[in-house]
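Chain letters run A, B, ... following the sequence lines, proteins first and then strands; every chain starts at 1.
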Amino acid sequence: MEQCEGNNNDVEKERIIFDVHMEKNQEVDDEATLKRRLAGPSVLKSGQESVNQERINEIIYSASKGSKYFEAEQKRDLELRNRIERVQQEVKEYYRKLECDKGFQREWAERTDEIDGYMQELRSSRDLSQVIVHVDCDAFYASIEELRNENLKNVPMAVGKGVLCTANYMARKFGVRSAMPEFIARKLCPDLIVIPLNIPEYAKKSKEIQDVLAEYDQNLCPASIDEVYMNLTSYIHLHELSNDEDNIQKVVTQIRNKVLEVTGVSVSCGIAANKLLAKIASNMKKPNDQFFVSNEAELIEKFMFELPTRRINGIGRVLEQELLGLDIKTCGDIIHSRTLLSYVFKEKTFQNLIQCSLGIGSTIVQDFGDSNRKSIGSEITFSKAITSGGLLESKLQSLCQSLADDLSKRDLIANSISIKIKTDTFQVHTRQKNLREYIYNDTDLFCEALKLLRVEYPLRLRLLGVRLSKLTTKSSYFACQLKFSKQNSVPCPVCHKNLEDDLSVVNQHIDLCLNTETVKTVINNEKKGPPKRKRNTIDVFFRH
DNA sequence: GCGGATCAC
DNA sequence: TATGGTGATCCGC
């Protein structure tokens with residue numbers, strides 16, 4: 001009973017804090033959240049420390065006002081704020097029940113115990129034995145363009161077409177950022193030089209960088225064109241280096257110097273015991289520097305405690321706002337409000353929040369390459385909205401053609417197709433269909449995509465896309481074929497007819513037969529691939 | 001299974 | 001005047 005009263009006092013305190021927070025929230029200017037939204041997702045990127053964010057947001061806001069994009073964003077912002085308000089009302093109700101509803105008090109206390117048990121399990125599963133480094137190239141595309149043309153080094157410059165992909169640090173001082181439309185960037189920085197994309201160059205440089213890094217870890221895991229995870233544990237062992245911070249820092253400094261020397265690109269590194277922490281760490285000291293996170297559990301949790309939620313990979317603008325609506329700013333706040341959050345969010349989201357806030361993450365650094373691919377697609381934005389009809393359908397056809405090329409390059413066939421459309425009011429829709437047959441050539445893609453598209457007429461589109469999923473490789477089919485092969489004749493696994501043992505003959509025949517359930521089953525059995533990586537989930541939760 | 005929404009880069 | 005392309009995942013229905 002005593003404990004129960006203690007809890008009640010705590011609840012009372014929480015409720016008062018929350019009410020004060022809600023009152024403060026009411027005072028926030030209605031346009032403030034929209035201004036932040038329009039400022040884009042990369043506001044907290046490095047190189048922005050010295051800019052006057054308020055002023056920049058004001059310029060972006062007035063430059064956007066009146067456009068269809070603006071109106072669409074305004075609508076989304078309103079929906080988000082309504083959602084947040086609904087959750088806040090829910091929370092008020094929880095606090096009300098906590099004050100007077102004995103049954104709910106008990107449930108809440110039990111839930112808290114359960115969560116604490118879950119956290120203990122998570123903590124005991126912590127693997128702190130690995131030395132993992134996240135390598136992140138600084139302003140990657142921009143730094144490559146500077147290597148290609150030295151004159152660009154001393155001027156504000158960005159890379160992209162219509163929308164910017166990245167900006168050099170000089171441009172960032174003006175508030176120019178990735179994902180920003182060019183015309184707004186020019187308002188912020190009239191002298192901005194904008195360079196068109198040279199993706200093949202960037203891919204080449206990316207490979208060069210990976211080649212240097214591979215000397216330290218052969219199994220390195222590229223996370224994107226400009227990011228790599230590596231595991232230095234073996235390297236340190238092999239070179240009989242001691243495992244202390246000093247030594248690790250030295251090795252990473254050496255790696256960064258080597259990358260810079262060989263490729264001309266500066267990188268930032270995060271060093272930690274898992275990928276989650278390493279990723280956060282590489283962002284702590286950008287550009288051209290490194291940050292070390294201890295591998296002692298206590299220090300890790302201390303590090304996470306003060307960390308703003310947004311720094312976690314996977315917590316974006318929306319979830320950040322939703323959390324702020326509950327007065328949650330840091331990972332420490334997440335842990336503190338854990339019971340409430342277990343009511344507010346779904347199981348997956350909740351567990352992820354708790355895990356991340358404890359600084360627990362995967363230690364698996366392994367490149368699955370293309371074998372893990374779930375979908376492949378192609379989409380295009382039109383310079384002017386296109387209405388239903390021949391022109392739109394010819395655009396669809398060329399999308400299907402390029403997609404078919406991609407498929408054949410990767411030896412893939414697909415069992416599901418979807419189209420994506422964005423109307424001239426920036427509303428996005430997808431239409432998906434599972435197929436009875438595997439498809440891969442442009443004609444079949446176009447035929448299926450066209451059916452999905454025509455249903456939606458009449459349309460006025462600013463974007464059209466096609467995406468394929470339920471993929472498998474043609475070669476997995478070859479493997480299946482070999483299994484069945486005999487000396488000089490091969491039975492077709494579909495119709496069991498004996499075929500001449502000649503690759504092209506068999507291939508042609510099976511292409512024709514590929515639409516039967518039999519083959520689909522065999523192919524799926526052959527496929528399977530590496531086991532799916534699972535999060536450390538413990539299902540003590542939400543058994544009902 | 002489908003469609004919308006969110007997220008990363 | 002004007003706001004990208006590719007891929008993944010989660011959630012509600």
Side-chain angles (χ1 to χ4, degrees), chain A residues 37-42 45 60-61 63-73 75-76 79-80 83 136-137 139-141 159-166 177-187 196-197 199 202 206 222-228 279 283 310-322 345-353 368 370 372-385 399 402-403 406 415-422 424-435 452 456 462-471 532-533 535:
Chain A
R37 170 179 285 262
L38 288 168
S42 57
K45 277 272 165 88
I60 296 173
Y61 183 84
S64 301
K65 205 164 183 175
S67 69
K68 288 185 172 164
Y69 176 81
F70 178 91
E71 280 165 25
E73 288 298 288
K75 198 175 146 198
R76 288 191 190 118
E79 275 165 19
L80 174 60
R83 206 162 70 225
D136 200 341
C137 300
F140 187 50
Y141 293 178
V159 182
K161 186 171 154 271
V163 173
L164 305 180
C165 287
T166 189
R177 293 184 282 265
S178 62
M180 179 177 275
E182 195 178 321
F183 79 96
I184 288 184
R186 289 193 187 285
K187 282 214 162 73
L197 287 161
I199 300 284
Y202 312 148
S206 178
S224 73
I225 195 166
D226 72 334
E227 272 176 65
V228 171
K279 167 90 183 165
N283 252 308
R310 188 59 208 281
R311 304 303 283 267
I312 288 173
N313 208 324
I315 298 185
R317 278 185 295 174
V318 171
L319 188 49
E320 179 194 34
Q321 289 304 313
E322 289 174 343
F345 291 108
K346 295 294 146 198
E347 183 180 0
K348 273 242 157 78
T349 309
F350 170 71
Q351 291 187 347
N352 198 40
L353 286 174
F368 290 107
D370 230 27
N372 252 9
R373 176 187 285 274
K374 305 270 191 317
S375 76
I376 185 166
S378 179
E379 64 189 61
I380 186 168
T381 293
F382 311 123
S383 49
K384 225 181 107 190
L399 283 172
S402 83
L403 193 49
D406 271 7
N415 195 222
S416 183
I417 188 168
S418 73
I419 60 161
K420 172 176 168 182
I421 58 185
K422 195 192 279 178
D424 60 344
T425 53
F426 287 88
Q427 281 164 316
V428 179
H429 303 280
T430 56
R431 292 289 176 265
Q432 192 222 335
K433 188 170 84 171
N434 283 339
L435 303 166
L452 290 175
E456 304 301 321
R462 75 182 329 278
L463 173 147
L464 180 62
V466 186
R467 179 160 294 276
L468 298 166
S469 52
K470 297 195 194 301
L471 306 174
K532 229 178 126 181
R533 264 202 325 274
R535 291 211 177 103

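- Distances from the side chain of A/Phe183 to the nucleotides C/dT3, C/dT6, B/dC7 place C/dT3 closest.
- Among the protein residues, A/Lys384 comes within range of no part of the nucleic acid, since none of its heavy atoms lies under 4.0 Å from any strand.
- Straight-line distance between the C1' atoms of C/dG4 and B/dC7: roughly 15 Å, to the nearest whole Å.
- The aromatic rings of A/Tyr141 and A/Tyr202 lie parallel to each other, their planes meeting at an angle below 30°, with 60° marking the opposite boundary.
- Remark: C1' of C/dA2 and CD of A/Glu71 are 14 Å apart, rounded to the nearest angstrom.
- In the set B/dT6, B/dG1, C/dC10, the nucleotide with an atom closest to the side chain of A/Arg83 is B/dT6.
- Residues A/Ile417 and A/Leu468 come closest through the heavy atom pair CG1-CD2, 3.6 Å.
- No side-chain heavy atom of A/Ile315 sits less than 4.5 Å from a side-chain heavy atom of A/Asn352.
- Nearest nucleotide to the A/Arg373 side chain, out of C/dA8, C/dA2, B/dT6: C/dA8.
- At a threshold of 4.0 angstrom between heavy atoms, the contacts of A/Leu463 are confined to the sugar-phosphate backbone, with no base atom among them.
- Comparing A/Lys187 and A/Thr349 by the nucleotide of DNA chain C whose heavy atom lies nearest to each, the residue mapping closer to the 5' end is A/Lys187.
- A/Glu71 and A/Thr425 share no side-chain donor-acceptor pair at under 3.5 Å.
- Residue contacts shown for A/Ala223 are absent, as no nucleic acid heavy atom lies under 4.0 Å away.
- As rounded to whole Å, 13 Å separates atom P of C/dA8 from atom NZ of A/Lys470.
- Of the listed nucleotides (B/dC7, B/dA8, C/dT9), C/dT9 has the atom at the smallest distance from the side chain of A/Lys374.
- Distance A/Gln321 CD to B/dC7 P: 10 Å, rounded to the nearest Å.
- The shortest non-hydrogen separation linking A/Arg76 to A/Glu73 is NH1-OE2, 2.8 Å.
- Within 4.0 Å (heavy atoms only), A/Ile315 reaches sugar-phosphate atoms of the nucleic acid but no base atom.
- Using a 4.0 Å heavy-atom cutoff across all strands shown, A/Ser67 reaches at least one base atom of the nucleic acid.
- Applying the 4.0 Å criterion to OP1 and OP2 of C/dT3, one finds that A/Ser64 has every side-chain N and O outside that range.
- Nucleic acid contact for A/Glu182: none, since no nucleic acid atom lies under 4.0 Å from a heavy atom of the residue.
- Whole-Å rounding puts the A/Tyr141 OH to C/dG4 P distance at 16 Å.
- Heavy atoms of A/Leu319 sit under 4.0 angstrom from primed sugar atoms or phosphate atoms, though from no base atom.
- Using a 4.0 Å heavy-atom cutoff across all strands shown, A/Gly162 reaches no nucleic acid atom at all.
- In this structure, A/Glu227 places its CD atom 8 Å from C1' of B/dA8, rounding to the nearest Å.
- Taking the side chain of A/Thr430 as heavy atoms from C-beta on, and the options C/dC11, B/dG3, C/dG4, the nearest nucleotide is B/dG3.
- Rounded to whole Å, the distance from CD1 on A/Ile417 to P on B/dC2 is 12 Å.
- Within a 6.0 Å radius of NZ in A/Lys433, more than 12 heavy atoms belonging to other residues, nucleotides or ligands are found.
- Applying the 4.0 Å criterion to OP1 and OP2 of C/dG7, one finds that A/Arg467 has a side-chain N or O inside that range.
- One can place NZ of A/Lys65 at 16 Å from P of C/dA2, the figure rounded to the nearest angstrom.
- Among C/dC11, B/dC7, B/dA8, the nucleotide with an atom closest to any side-chain atom of A/Arg310 is B/dA8.
- In this structure, A/Gln432 and A/Asn313 both approach DNA chain B, and ranking their closest nucleotides by distance from the 5' end singles out A/Gln432.
- Remark on DNA chain B: of its neighbouring residues A/Asn434 and A/Arg37, the 5'-side contact belongs to A/Asn434, judged by nearest-heavy-atom nucleotide.
- Distance from the side chain of A/Arg462 is smallest to C/dA2 among B/dA8, C/dA2, B/dC7.
- Position along DNA chain C of the nearest nucleotide to A/Met180 versus A/Ile376 favours A/Met180 as the more 5'-ward residue.
- Within the 4.0 angstrom heavy-atom criterion, no nucleotide atom of any strand lies near A/Thr166.
- Checking side-chain atoms of A/Asn434 against main-chain N and O of A/Ser416 turns up no donor-acceptor pair under 3.5 Å.
- When the P atom of B/dA5 is taken as reference, atom NZ of A/Lys422 falls 13 Å away, rounded to whole Å.
- Comparing B/dG4, C/dG5, C/dG4 by their nearest atom to the side chain of A/Arg431 picks out B/dG4.
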